[in-house]
S.K.: 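Could you have a look at this structure, given as structure tokens, before my questions?
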Amino acid sequence: MADEDVPEGGTIVDPRRLHEAARIAEALVFASAGPVSQNYIAERLPRGVDVLHVLRELKGLYAGRGVNLVQVDDGWAFRTAPDLSFVIRTDETEVRKLSRAALEVLSIIAYHQPVTRAEIEEIRGVQTSKGTLDVLMEAGWVRFRGRRRTPGRPVTFGTTRDFLDHFGLEELRDLPGLEELKGAGLLSGRIPSNFQVPLPLGEDELAEDEDPITQLDLEELGLLTPGGKEDE
Amino acid sequence: MADEDVPEGGTIVDPRRLHEAARIAEALVFASAGPVSQNYIAERLPRGVDVLHVLRELKGLYAGRGVNLVQVDDGWAFRTAPDLSFVIRTDETEVRKLSRAALEVLSIIAYHQPVTRAEIEEIRGVQTSKGTLDVLMEAGWVRFRGRRRTPGRPVTFGTTRDFLDHFGLEELRDLPGLEELKGAGLLSGRIPSNFQVPLPLGEDELAEDEDPITQLDLEELGLLTPGGKEDE
Amino acid sequence: MPGPGSKSQKNGRGADAPMEDLWQEGGEERGLSEESLVVDLAGFEGPLDLLLHLARTQKVDLTRISVLALAEQYLAFIDKARKIRIELAADYLVMAAWLAYLKSRLLIPKQAKDDGPTGEEMAASLAFRLKRLEAMRDAATRLVNRNRLGRDVFARGMPEHIPTERRSAFEASLYDLLNAYASLRQRHAITQVTIEKRNVWSLSDAREILSLLVGGFADDDWTALDHFMLRYLTDPAERTTAIASAFAATLELVREGRLELRQDGVFQPIYLRRGPKTEGDDEEGTKNG
């Protein structure tokens, strides 16, 4: 109180008004996408309130807490307390959004499983880069299911239990069908009458022309990632 | 971490440790824009600390401030106090505008979930135009929930945590007027027995048949909109 | 960050802000005014919406409306609409038929051995549906007027960290997945559409055929275009295209002097006969196939 600098018109000292001013300053700094300048805050405080006083009070209030009010460049910002960085900066990798291509491949695998890579490419009409399938395998959503009993014995892909968990599905049959995709507006009415959305085959069932995949197959195909990273 | 003196299931009451736990919780929630789940916080608190206790204390601490701690479903988030919106809102702040139909569908889904598309249409008496559900799902407020265990296994819709977050609801039970609507039988799909319409003619004859009108009856009566007819 | 020059002081929306303000098509006129029964269905979302609007004009609790009076109002409305030839969607007519039936059930005493629902039950179910729809609309209004994130309350503007409990390092929602699948399949479905081959007579086909035929005409013999097309066309689906192309071809042949045309009046048959330049001069154009 002693070192208060008094602006024109005198300083408000009414605690209720000061509290209100502090609330405003607090909310402004919190919601802002960058440090907020002192002037910007001052313009929004009740007339006659000393902005610096309010901010210093706030700074003191937050000093011992998990979040601190700090002065950055020309403005004010909230930052988590430096000593708590160990909780915030965890070992987690940053969550990445799945790319459009990966989403497409994943959805084809989900609906058309068991499906071979050639079939995926046929449905998409473009070549699928190796990386896309790798990403989906790495995410733990896609797995090798078996091998098709056709020349070349191509590997078939399917989805995993983690896939169902992540997308909140109880079973594959819960994937919306043609009518439901239309009903939800995801498919427009302008589709040919012979258009079909397949009913995916359950995870554990093997298709008639499908053999289960074996460890040997995986090794033979060179599909095992270095370091024996396969989970099951 | 090293709280070996805490008995199984016991809770820490040492104020210093509680304060430390509060700081961590505060920092975790503060650092994130979206709600942080209670489990996530619990895993990062010192062992033996009752996470709910800590969060409730924090909630009380922030209650009168410019930033409040709010609960959203199983998560916690800091939000600016609603009464300060006038200071924070800028010309750029724009929330998604919904069409009248979309808003109606959204509230039907919120109050009747899990609900099928046919049921939504039955309540509104019109077919849901393509794109209405699509818009709601894209906004992240509505999701496919599962399938109804009835013939045809229709897909059901429900709301998301983002929906709760956006409309400032802690949980679905906080939907405005939910209890009254339930009490009035308006959410059950069945006509409550007290829903008697006095006859303009003053007919005395009482119906012997006291069964409530069932969904099946409504279908027979043609009261159900054509929405469900295509379900093969 | 809140930009300078924000002039937000005044537009703080209270909880009682009218819903219309918040709708996209806010302030849209309803199709019906209470006094003058102006027939216009544009503002209504189906028959139930119209009925609800009519019921509100009774200004009583929906549990106590006179369903009979409501049915009559609706039927009167539909009649009026039909009189001035407004095209009514089928569901409005279905509702009208049902209400007419309901009316008869309410007016005629219940028969002793009648298994169907009584008029009262039917009326109750209608009143219930109206009440439920109204309740949902009220709920929507209350919902939209709540303190909304991004409008009334705000999240941390400068998040430092996105917590995740997902073990997977990738994020995608079911909606993203389904949307990707649906648009992919749709894209390909459309590119693969094969338009059914329509049997179309091209102008040159018609010209060729006509030229051949004209050769067979006797001098001064008028032949109706329709008539000689009939000889050729067994498939009725082909007729329109054939006549159109043939007529265009005749005009071309007339210009070249190979054909003459005659029509006695509007919509009368069109007659053809050989023109002055037919004999022998086949050298250009007519036959190149």
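To find a chain, count down the sequence lines: A is the first, B the second, and so on, and within it residues start at 1. The figures that follow rest on heavy atoms only: side chains count, while hydrogens, waters and symmetry mates do not.
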S.K.: Identify which part of A/Leu181 has an atom lying under 4.5 Å from any heavy atom of chain C, answering side chain, backbone, both or neither.
M.R.: side chain
S.K.: Could you grab the distance from atom CZ of A/Arg124 to atom OG1 of A/Thr128, nearest 0.5 Å is fine?
M.R.: 5.0 Å
S.K.: Quick one: what part of A/Leu136 sits under 4.5 Å from any heavy atom of chain C, side chain, backbone, both or neither?
M.R.: neither
S.K.: Check whether A/Val105 gets within reach of chain C through its side chain, its backbone, both or neither, counting any heavy atom under 4.5 Å.
M.R.: neither
S.K.: Between A/Leu178 and chain C, which part of the residue has a heavy atom less than 4.5 Å away: side chain, backbone, both or neither?
M.R.: neither
S.K.: With a 4.5 angstrom heavy-atom cut-off, which part of A/Gln196 approaches chain C: side chain, backbone, both or neither?
M.R.: backbone
S.K.: State, without any angle test, whether A/Gln113 and A/Thr156 hold a side-chain donor-acceptor pair at a distance under 3.5 Å.
M.R.: no
S.K.: Can you tell me which portion of A/Phe30 sits under 4.5 Å from chain C's heavy atoms? Options are side chain, backbone, both or neither.
M.R.: both
S.K.: As a quick check of understanding, evaluate salt bridge (Lys or Arg N to Asp or Glu O under 4.0 Å) for A/Lys97 and C/Asp176, giving each step before the final call.
M.R.: CA-CA 10 Å; A/Lys97 267 217 161 271; C/Asp176 295 336; 3.5 Å; yes
S.K.: At a heavy-atom separation under 4.5 Å, does C/Ala155 approach chain A through its side chain, its backbone, both, or neither?
M.R.: backbone
S.K.: Can you list everything that forms a salt bridge (charged side-chain N to carboxylate O under 4.0 Å, His left out) with A/Glu26? Sequence neighbours excluded, please.
M.R.: B/Arg65
S.K.: Is the ring pair C/Phe44/C/Phe77 parallel, tilted or perpendicular, if the boundaries are 30 and 60 degrees?
M.R.: perpendicular
